[in-house]
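Please read the structure below before turning to the comments.
Positions are given from 1, in the same order as the sequence printed here. One-based numbering, in listed order, for ligands and for the atoms of each.
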Amino acid sequence: MERVEDIRTELLSRDWEALTAQEAIAWGHERFGAQMVFASSFSLEDVLLIDMACAAGLQPHVFYLDTGVLFAETYELIDRVSERYHIEMERVLPALTLEEQAIAHGEKLWLREPDRCCGIRKVEPLRRYLCAHDAWVTGIHRDQSPTRANAPRVAFDDSFGLVKLNPIVDWTMEDVRNYVAEHDVPYNPMHDRGYPSIGCMPCTRAVKAGEDPRAGRWAGFQKTECGLHSR
Ligand code: SF4
C-alpha cells in the first residue's frame, strides 16, 4: 500500500459529498482495482451495491464473514446472489471453529460476552482480511443509527488501516427499498417477517411495529454494533 499520509492528502482534496453512489464506486474501481473489496452481510444495502457495481460492468470482489451461526435464509441468499450476478464470493472464517471457541471460552459466548464473541468471529477475521487490501466498500448509511450519523462517503479508515467507501451513505432507508424494488435485487425473506436488520442467529430477533430497526440486534445488551464500523 502507498504511504498513508499520501492517501489522506489525496482524500482531503476532493468533495466526496458531491459524488453519486455510482460515481464513488467507479472512482474506487479506477483508483484501487482488484485491491478494492465489497464487504457483504447480505443486507438490502450490501446486495444493492453488488447490483450497482455489476450494472456498471464491474466484477466486484465480494467477501463475507461466515460466523458459523448465520440464518439458513442468509446462506440461501448467498447462493442466489452468486447465481444472479455470476460472481464467486469469498468466505472469510474466524480462526476458531464454534467448537474450539466453546472449549476456550465456554458454550454460547454470545449470551455472556457478545463483544468478545464478535471480536473472535467478526472483527479479527475482518482485520486479517482487510490487511491484504487497499479499500473496502460498505453499505452503511447515516440514518441507520446515531453511531453512523456522521459517516463520510469516502475516508481513511483508521481502525483497519485502509480506505473506506460508503457509496450510499446519504441514502435513506426508503431510497434503499426503492432501489431494491426497482432493480429486483435479491433479498432475505426474513425482512418481510419483521427482521429489518439480520445478523447471527443467536443475536437477532424480530422487531415490533414502531421499534428501532436495530432493536432486534443483541437485545438485552447495550451493544448496537459488531465493531466493524467505527463510523
Ligand atoms: S453477532 Fe452474536 S453470535 Fe455473531 S459474532 Fe457477534 S456475539 Fe457472536
What orientation do W171 and Y179 show, parallel under 30°, tilted 30 to 60°, or perpendicular over 60°?
-> tilted
May I ask you to check if any N/O/S atom from C117 comes under 2.8 Å of atom 8 (Fe) of ligand 1?
-> yes
When rounded to the nearest 0.5 Å, the distance separating NE2 of H141 from CZ of R148 is 8.0 Å
Sequence neighbours excluded - side-chain hydrogen bond (donor to acceptor under 3.5 Å, both in side chains) pairs with any residue from residues 63-74 | D66-Y75, D66-R91, E73-R193, T74-N188
Evaluate whether atom OH of Y187 has more than 12 neighbouring non-hydrogen atoms of other residues, nucleotides or ligands under 6.0 angstrom away.
-> no
Short list, please: which atoms of ligand 1 are under 4.0 Å from a heavy atom of R121?
-> 5 (S)
Per-atom contacts, ligand 1 versus C203 - under 4.0 Å to a heavy atom = 1 (S), 2 (Fe), 3 (S), 7 (S)
At a non-hydrogen distance cut-off of under 4.0 Å, which region of K122 contacts ligand 1 (side chain, backbone, both, or neither)?
-> side chain
Atoms of ligand 1 less than 4.0 Å from C200 heavy atoms?
-> 1 (S), 3 (S), 4 (Fe)
Could you name the option among C118, G199, G119, P114 that has the heavy atom nearest to atom 5 (S) of ligand 1?
-> C118
Output all residues satisfying salt bridge (charged side-chain N to carboxylate O under 4.0 Å, His left out) with D175, sequence neighbours left out; order by chain, then residue number.
-> none
